[in-house]
Amino acid sequence: MGASSDSGAQTPAVVTRFAPSPTGFLHIGGARTALFNYLFARHHGGQFQLRIEDTDRARSTEPAIAAIIDGLTWLDFEWDGEIVHQFARAPRHAQVANHLLVNGHAYRCYATAEELETMRAEQRAAKLPMRYDGRWRDRTDGPDGAPFVIRLKAPQTGSVTIDDLVQGPVTVANAELDDMVLLRSDGTPTYMLAVVVDDHDMGVTHVIRGDDHLNNAFRQLALIRAMNWPEPQYAHIPLIHGADGAKLSKRHGALGVDAYRDEMGLLPEAVENYLLRLGWGHGDDEIISRAQAIAWFDLKDVGRGPSRFDMKKLESVNGQYLRAADDARLVTLIEPRVATALGRAITDSDRNTLQCSMAELKKRASNLNDLASGALFFLRTRPIPMDDGATKLLASAPPGVLADARTQFAGINDWSTAALEERARALAETRGLKLGQVAQPLRAAVTGSSQSPGLFEVMAILGREETLGRIDDALDTMPAQGAN
RNA sequence: AGUCCCUUCGUCUAGCGGUCUAGGACGUCGCCCUUUCACGGCGAAAACACGGGUUCGAUUCCCGUAGGGAUCACCA
């Protein structure tokens with residue numbers, strides 16, 4: 001990209017960008033901002049670009065940049081073109097500041113930090129708005145060699161109205177704004193300068209960002225006008241709040257997206273769907289595919305008020321996507337978790353078992369953690385552990401049912417769900433028991449728990465040898481019940 | 001403090017002057033299905049912040065109040 005790319009030969013009608021600062025991890029709010037930018041660009045057949053705002057050298061880190069890229073990749077928000085690293089463009093930013101200095105739209109300010117601090121203290125004491133008072137605005141007698149910053153000579157009268165695509169028309173009097181610093185005394189650009197210059201050079205047509213930037217937009221517009229550049233359209237989306245209505249914090253889920261993937265075991269499409277529905281709606285639609293989202297997304301449908309993050313609903317949405325997900329994909333996803341829990345590597349046989357049981361398993365899980373832990377009993381080696389519920393079931397089982405059931409099952413030639421169930425029902429009938437009185441002890445013996453997927457499906461998947469073995473194990477631990 | 005923004009069930013939202021005795025989803029509760037737990041199905045409770053206008057008629061338009069949020073840097 002050239003230093004000043006005004007050429008726009010084949011400039012797309014819509015160019016959006018996601019511009020995170022790599023000072024932390026990509027959090028959920030940032031992910032939503034990225035999603036809206038992505039969707040809007042794709043909806044209009046335009047471009048979605050990524051810019052890393054790393055001008056804060058002290059706080060920007062490589063791991064943070066990697067985390068941002070990792071998060072966007074996981075969510076599959078594919079950006080167009082090369083990633084723009086803001087810091088590398090510092091010379092261009094300085095060039096613009098100096099250009100403004102030359103044409104009179106900016107000036108040197110020699111006020112020291114201490115000086116400005118006392119100015120603010122006085123304003124605070126007088127209960128006046130704290131703004132730079134423009135003391136160097138019309139002076140050119142700066143001390144030789146003294147450090148200075150370059151400030152924008154912003155209009156002081158009149159007002160500016162931004163037709164925000166989300167917030168609607170917003171007007172602010174120029175008197176409310178002060179002359180912002182463009183270039184610091186060390187020659188580095190401020191964020192305000194850098195964003196405007198980069199957005200212009202990247203050909204950004206729509207600035208979609210958190211509404212914490214709404215106030216900044218007016219200052220940035222003054223700079224854009226001073227440069228006589230085309231003005232982008234703005235869309236300031238409300239920030240996400242925690243369940244208690246307060247700003248999102250770690251307690252609420254302002255975690256890196258990696259936490260949603262790794263710790264919570266969520267699916268990227270579910271996180272995307274949830275984020276999309278947070279502050280945006282399309283009739284009664286809840287589960288919305290990427291393609292539909294692109295077709296339907298419009299900034300005018302984005303709500304103006306902040307919405308609260310609801311983990312329960314996220315889990316629910318994730319559960320729906322989990323049930324619709326491909327079984328083989330889920331097997332792959334839970335493999336590491338299962339291996340860790342089991343303390344051993346997963347074999348092909350294990351994989352096969354997981355694949356066969358996945359349809360049953362996923363109905364009982366809303367995230368990958370649940371899915372993995374729910375699958376464990378299939379893969380444990382005998383004798384499998386019994387939880388409290390299972391122990392109680394075995395202790396209160398009608399005398400002899402387990403042994404009788406074992407005998408019945410052992411006589412089955414066709415080891416199938418249907419055959420297993422038929423024998424169990426027959427046994428219950430002859431002994432005058434309800435099916436549950438037979439099935440529950442069996443469930444305990446075979447799964448080690450009082451809750452599990454369908455018992456006969458489980459036994460069919462486990463196979464004759466393993467099933468019978470587990471029943472034998474249970475029989476061994478049971479106190480000798482008055483024989484027959 | 002000032003400036004700016006926002007306000008429909010607990011939560012996310014639909015609604016864009018009459019179709020609202022306000023719809024959907026999550027959550028909650030009940031019932032059904034059923035060998036357990038889930039899934040699934042059915043049903044219930046649950047909201048237009050308040051006060052003024054405008055209008056034949058306001059959830060929908062305007063103003064005020066209250067509440068919430070954003071913002072005060074040589075941070076981004």
Side-chain angles (χ1 to χ4, degrees), chain A residues 19-23 53-56 58-60 86 109 111-113 116-117 120 123-124 126-132 147-151 164 166-168 170-173 175-178 180-186 188-192 194-195 210-216 218 236 238-239 241 243 245-247 274 277-287 303-317 319 323 360-366 370 374 389 393 421 424-425 428 434-444 447 449-456:
Chain A
S21 47
T23 54
E53 309 218 315
D54 53 356
T55 53
D56 187 336
R59 293 198 297 158
S60 298
Q86 195 162 59
C109 168
T112 63
L116 293 175
E117 193 39 59
R120 286 192 199 98
Q123 289 171 336
R124 193 172 12 243
K127 294 193 172 178
L128 291 169
M130 287 185 285
R131 301 190 201 105
Y132 174 67
F148 62 86
V149 299
I150 295 181
R151 286 182 186 271
D164 195 277
V166 168
Q167 306 292 342
V170 183
T171 302
V172 165
E176 295 294 329
L177 279 19
D178 61 2
M180 65 177 168
V181 173
L182 263 21
L183 213 60
R184 301 188 183 100
S185 53
D186 64 358
T188 61
T190 60
Y191 160 78
M192 289 289 190
V195 199
D211 69 2
D212 50 331
H213 287 288
L214 182 54
N215 295 287
N216 291 335
F218 295 92
H236 289 93
L239 265 17
H241 285 197
K247 200 171 164 184
Y274 176 72
R277 285 285 291 100
L278 201 57
W280 178 88
H282 183 272
D284 288 341
D285 298 298
E286 294 288 344
I287 298 300
R304 283 119 307 209
S307 37
R308 304 184 186 199
F309 189 83
D310 183 359
M311 195 58 211
K312 283 272 183 49
K313 183 143 187 177
L314 209 203
E315 282 268 350
S316 167
V317 171
R323 265 163 255 136
E360 282 294 307
L361 253 21
K362 67 185 184 183
K363 282 195 296 201
R364 272 156 266 259
S366 60
D370 292 350
L393 278 175
E421 180 165 355
R425 284 187 185 281
K434 287 182 179 176
L435 182 54
Q437 291 175 287
V438 175
Q440 283 301 80
L442 277 169
R443 183 189 313 284
T447 71
S449 168
S450 57
Q451 300 164 197
S452 81
L455 177 61
F456 306 113

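In what follows, every heavy atom counts, from backbone to side chain, and hydrogens, waters and symmetry copies are set aside. Proteins come first, then strands; the chains are lettered A, B, ... in the order of their sequence lines, and each starts at number 1. Quick caveat: nothing in here was measured; it's all calculated off a predicted structure.
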Per-nucleotide protein contact string for nucleotides 41-48 of chain B, where B marks a base within reach and S marks sugar-phosphate only (heavy atoms under 4.0 Å, - for neither): --------
Pair assignment for B:U60, Watson-Crick or G-U wobble, requiring both distances under 3.5 Å: none
A:Tyr274 side chain to A:Phe309 backbone, donor-acceptor under 3.5 Å: no
Any A:Pro306 side-chain heavy atom under 4.5 Å of A:Leu239 side chain: no
Touch class at under 4.0 angstrom, heavy-atom based, for A:Thr447 against every strand present: nothing
Within-4.5 Å side-chain heavy-atom neighbours: A:Met180 and A:Thr190: no
A:Asn216 and A:Met192, any side-chain heavy atoms less than 4.5 Å apart: yes
Touch class at under 4.0 angstrom, heavy-atom based, for A:Leu278 against every strand present: sugar-phosphate
Heavy-atom side-chain contact between A:Tyr132 and A:Val181 under 4.5 Å: no
Touch class at under 4.0 angstrom, heavy-atom based, for A:Pro453 against every strand present: base
Sidechain-backbone polar pair: A:Arg277 side chain, A:Glu286 backbone, donor-acceptor under 3.5 Å: no
Protein proximity profile, nucleotides 19-32 of chain B - base contact B, sugar-phosphate-only contact S, no contact -, cut-off 4.0 Å on heavy atoms: ----BBBS------
Distance in angstrom units between A:His241 NE2 and B:G10 C1', rounded: 17 Å
Whole-Å P distance, B:U3 and B:C63: 16 Å
Atom pairs under 3.5 Å: protein N/O with N/O of nucleotides 3-6 of chain B:
residue : atom : partner  : partner atom : Å
B:U3    : O4'  : A:Glu176 : OE1          : 3.4
B:C5    : O2'  : A:Gln167 : OE1          : 2.9

Whether A:Ser21 side chain and A:Thr23 backbone form a donor-acceptor pair below 3.5 Å: no
Pairwise P distance, B:A46 and B:G23 [rounded to whole Å]: 12 Å
Partner nucleotide, any strand, of B:C26 [Watson-Crick/G-U, under 3.5 Å]: B:G10
Side-chain N or O of A:Arg124 closer than 4.0 Å to phosphate OP1/OP2 of B:A1: no
Upstream residue (5' side of RNA chain B) when A:Tyr191 and A:Leu455 are each assigned their closest nucleotide: A:Leu455
N-O pairing of A:Lys312 and A:Glu315 below 4.0 Å: no
Touch class at under 4.0 angstrom, heavy-atom based, for A:Ala175 against every strand present: nothing
Whether A:Glu53 side chain and A:Gln86 backbone form a donor-acceptor pair below 3.5 Å: no
Sugar-phosphate, base or nothing in reach of A:Ser21, heavy atoms under 4.0 Å: sugar-phosphate
Donor-acceptor under 3.5 Å (A:Arg443 side chain, A:Pro453 main chain): yes
N or O in side chain of A:Arg443 less than 4.0 angstrom from B:C37 OP1/OP2: no
Sugar-phosphate only, base, or nothing, as touched by A:Gly389 at under 4.0 Å among non-hydrogen atoms: nothing
Touch class at under 4.0 angstrom, heavy-atom based, for A:His213 against every strand present: base
Minimum-distance nucleotide to A:Arg364 side chain [options: B:U36, B:A76, B:C74]: B:U36
Sugar-phosphate only, base, or nothing, as touched by A:Ser307 at under 4.0 Å among non-hydrogen atoms: sugar-phosphate
Sugar-phosphate only, base, or nothing, as touched by A:Tyr274 at under 4.0 Å among non-hydrogen atoms: nothing
Flag, side chain of A:Gln167 to backbone of A:His236, donor-acceptor distance under 3.5 Å: yes
CA sep, side-chain torsions, deciding dist, call: A:Arg120, A:Gln123, side-chain hydrogen bond (donor to acceptor under 3.5 Å, both in side chains): CA-CA 5 Å; A:Arg120 286 192 199 98; A:Gln123 289 171 336; 5.8 Å; no
Closest listed nucleotide, where the reference is the side chain of A:Ser185 and the choices are B:U11, B:C74, B:U36: B:C74
Along RNA chain B (nearest heavy atom to each residue), the more 5'-positioned of A:Trp280 and A:Asp212: A:Trp280
Candidates B:A76, B:A73, B:A70 - which lies nearest the side chain of A:Arg120: B:A73
